[in-house]
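From a predicted model like this one, the values you see are computed outputs, not experimental measurements.
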Amino acid sequence: MSSPFTPCIWSFDHQTRGSPISKYVQAITSLFRHSKSLKPILDYMVTMKKRLGLDPEILTLEHFAAGAGYAEAAVYHNLSDPPFVYNLHWAIAEFVVPPKPSYAANATVIVPTVAVETECNCDQADSVDLTLASAPGGNHTFTGKWYDCTITLQIPDEGIDQYGVETIMECPSNAAQPPWFKPITFWFLSSEIKQVAMVFCQPKVSVYNVLVEADLGTGLLKEVTVLDQNVPKNEMSGEPMNGRGYNGIAFDMSQAGRYGPARAISIQTGLPAAIHKLAQTSPGGVPAVMKNVDGFWWLTKMTYTRYLSIVAKSAYFVDDHDTINSIFENYEIRIFV
């Protein structure tokens, strides 16, 4: 396993170079290295807080609303992934480690666990046809096509940028799927250059056995290593999900409760608004992103994947309390003169 440390590079100005101390500085820096101070401890006990399963609270839309809220806040406040979400697309079963030993300055723990990988599978539209409003107060009409999916939208001409997200109902290959498993499209209409961008997505989830390396000091995940997909039959790989991922845009409202409709609206408006905000703050603003062939595709993929992974962290795991063995390692920096 590679060390989390890189060689230290010292720089010194012209007043230092050639001076009597320079050769000692160079000697120290050339001998600076890292090493493992301890052999790995193989029986370091970790408590699992979650295991794979479909949380029944998913029907209230709370997990979706919270995930969308974090993904939106990440755009406005430059937030990183929350705990147990790694590299945007991994959701890890939560675990608790004992306090870091006092002697372990740079300790990590390697935990065998399960993870859900979320793939948003987003692509640009195969084609987009836009017909602008013929008179003030009229409607802009645009049709997007992606594989065998087609969607036509009419948007009032309001003289400002507009954006949204829609579930695509006209997809013959997905005709039997309920709306919450169907493809969706994010769309963005620029009032300045009178163009529209559409990004189509069809999420899927996969479950893996993994090794997760976490920093004992900060609790942050440092690496996820895939072992295999030999995970016992579960609600993700079998019924009711069968490897499908919720699109997080359309919902089964039958058990959503009193606040469900408001949560759905906040998600459906907040996510495209966050993506549009990213475009606004990019160099050249929305027009430049619109003209870039991958502009809105990349911003959508990044924001939508983060949202789905945060939902997965909460919705695709249930409470657990099991103790497992893990590997504890400590790294110590040594300087030789």
Side-chain angles (χ1 to χ4, degrees), residues 48-96 113-120 122 163-165 167 178-181 184 186 201 203-205 207 212 214 219-221 224 235-236 240-241 244-278 299-320:
M48 299 302 301
K49 289 182 62 179
K50 297 286 184 178
R51 61 176 174 82
L52 205 59
L54 199 58
D55 190 331
E57 289 297 315
I58 196 171
L59 297 175
T60 68
L61 311 194
E62 289 183 17
H63 297 317
F64 294 102
Y70 192 101
E72 295 161 28
V75 169
Y76 285 86
H77 304 292
N78 194 29
L79 303 180
S80 58
D81 291 334
F84 298 99
V85 172
Y86 177 75
N87 199 22
L88 281 183
H89 62 108
W90 286 107
I92 313 298
E94 295 183 45
F95 53 84
V96 178
T113 184
V114 292
V116 174
E117 183 185 31
T118 296
E119 299 175 78
C120 66
C122 290
Y163 43 80
V165 62
T167 304
W180 41 92
F181 289 135
I184 56 96
F186 289 89
C201 305
K204 67 169 290 189
V205 295
V207 180
V212 177
L220 296 177
L221 304 185
V224 174
E235 293 172 300
M236 303 305 301
M241 300 296 289
R244 300 172 298 184
Y246 284 108
N247 60 35
I249 300 300
F251 305 100
D252 178 1
M253 304 299 291
S254 62
Q255 300 181 54
R258 175 182 178 184
Y259 302 107
R263 289 172 179 145
I265 292 173
S266 70
I267 295 164
Q268 294 158 356
T269 57
L271 285 175
I275 298 167
H276 183 263
K277 183 66 175 181
L278 279 174
L299 299 183
T300 300
K301 178 181 178 181
M302 181 173 58
T303 304
Y304 189 45
T305 299
R306 171 169 279 158
Y307 162 59
L308 293 175
S309 295
I310 296 172
V311 170
K313 168 182 173 288
S314 301
Y316 300 157
F317 296 94
V318 295
D319 291 340
D320 192 22

ask   = By side-chain contact (heavy atoms from CB on, under 4.5 Å), which residues pair with Asp320, not counting sequence neighbours?
value = Met48, Arg51, Asp322

message = In the structure I gave you, are the side-chain heavy atoms of Lys313 and His63 within less than 4.5 Å of one another anywhere?
response = no

ask   = Where is the tightest heavy-atom contact between Leu61 and Gly260, given as atom of each residue plus distance?
value = CD1-O, 3.5 Å

message = How close do Ile92 and Ala115 get, counting heavy atoms only, and between which atoms?
response = CD1-CB, 3.5 Å

ask   = Taking side chain as C-beta onward, heavy atoms only, is Asn87 less than 4.5 Å from Val224?
value = no

task = Determine the interplanar angle of the Tyr246 and Phe181 rings, folded into 0 to 90°, and report it as parallel if under 30°, tilted if 30 to 60°, perpendicular if over 60°.
result = parallel

task = Answer yes or no: is there a side-chain heavy-atom contact under 4.5 Å between Asp81 and Trp90?
result = no

task = Test side chain to side chain contact (heavy atoms under 4.5 Å, CB included) on Ile275 and Phe186 and set out the steps.
result = CA-CA 9 Å; Ile275 298 167; Phe186 289 89; 3.8 Å; yes

message = Could you measure the distance from the OG1 atom of Thr305 to the CG atom of Leu88? Nearest 0.5 Å is fine.
response = 6.5 Å

Gap between atom CE of Met253 and atom CH2 of Trp180 - 0.5 Å precision = 10.5 Å

key: For Ala74, side-chain contact (heavy atoms from CB on, under 4.5 Å) partners two or more places apart   = Leu79, Arg306

inquiry  = So does Leu59 get a backbone contact from the side chain of Gln255, meaning a donor-acceptor N/O pair under 3.5 Å?
reply    = no

query = Distance from Tyr86 atom OH to Leu221 atom CG, nearest 0.5 Å?
reply = 8.0 Å

task = Look up atom CG in Leu308 and atom CD in Glu119, then write down how far apart they are to the nearest 0.5 Å.
result = 11.0 Å

key: Atom pair OG/CD of Ser314 and Glu57 - distance to nearest 0.5 Å   = 11.5 Å

key: Shortest non-hydrogen contact from Gly245 toward Val205   = CA-CG1, 4.0 Å

task = Evaluate the side-chain proximity of Tyr304 to Asn247: yes if any heavy-atom separation is below 4.5 Å, no if none is.
result = yes

Closest heavy-atom pair and its distance - Ala264, Phe251 = CB-CD1, 3.9 Å

query = Is the Cys120 SG less than 2.5 Å from the Cys201 SG?
reply = no

ask   = At their closest point, which heavy atom of Ser266 faces which heavy atom of Thr269, and how far apart are they?
value = O-OG1, 3.4 Å

request  = Identify which one of Thr113, Asp55, Asp319 satisfies the side chain to side chain donor-acceptor pair (under 3.5 Å) criterion when paired with Lys50.
outcome  = Asp319

ask   = In terms of heavy-atom contacts, does OH of Tyr259 have more than 12 from other residues, nucleotides or ligands at under 6.0 Å?
value = no

ask   = Going by heavy atoms in the side chains, are Val116 and Leu52 under 4.5 Å from each other?
value = yes

task = Write down the atom of Val311, the atom of Gly67, and the distance for their closest heavy-atom approach.
result = CG2-CA, 4.4 Å

task = Find out whether Val212 and Phe84 are in side-chain contact, i.e. whether some heavy atom of one side chain is under 4.5 Å from a heavy atom of the other.
result = no

task = Would you indicate whether the side-chain heavy atoms of Pro240 and Leu54 approach each other to under 4.5 Å?
result = yes

task = Report yes if the side chains of Arg263 and Phe64 come closer than 4.5 Å at any heavy-atom pair, otherwise no.
result = no

ask   = Between Gln268 (side chain) and Ile249 (backbone), is there a donor-acceptor pair under 3.5 Å?
value = yes

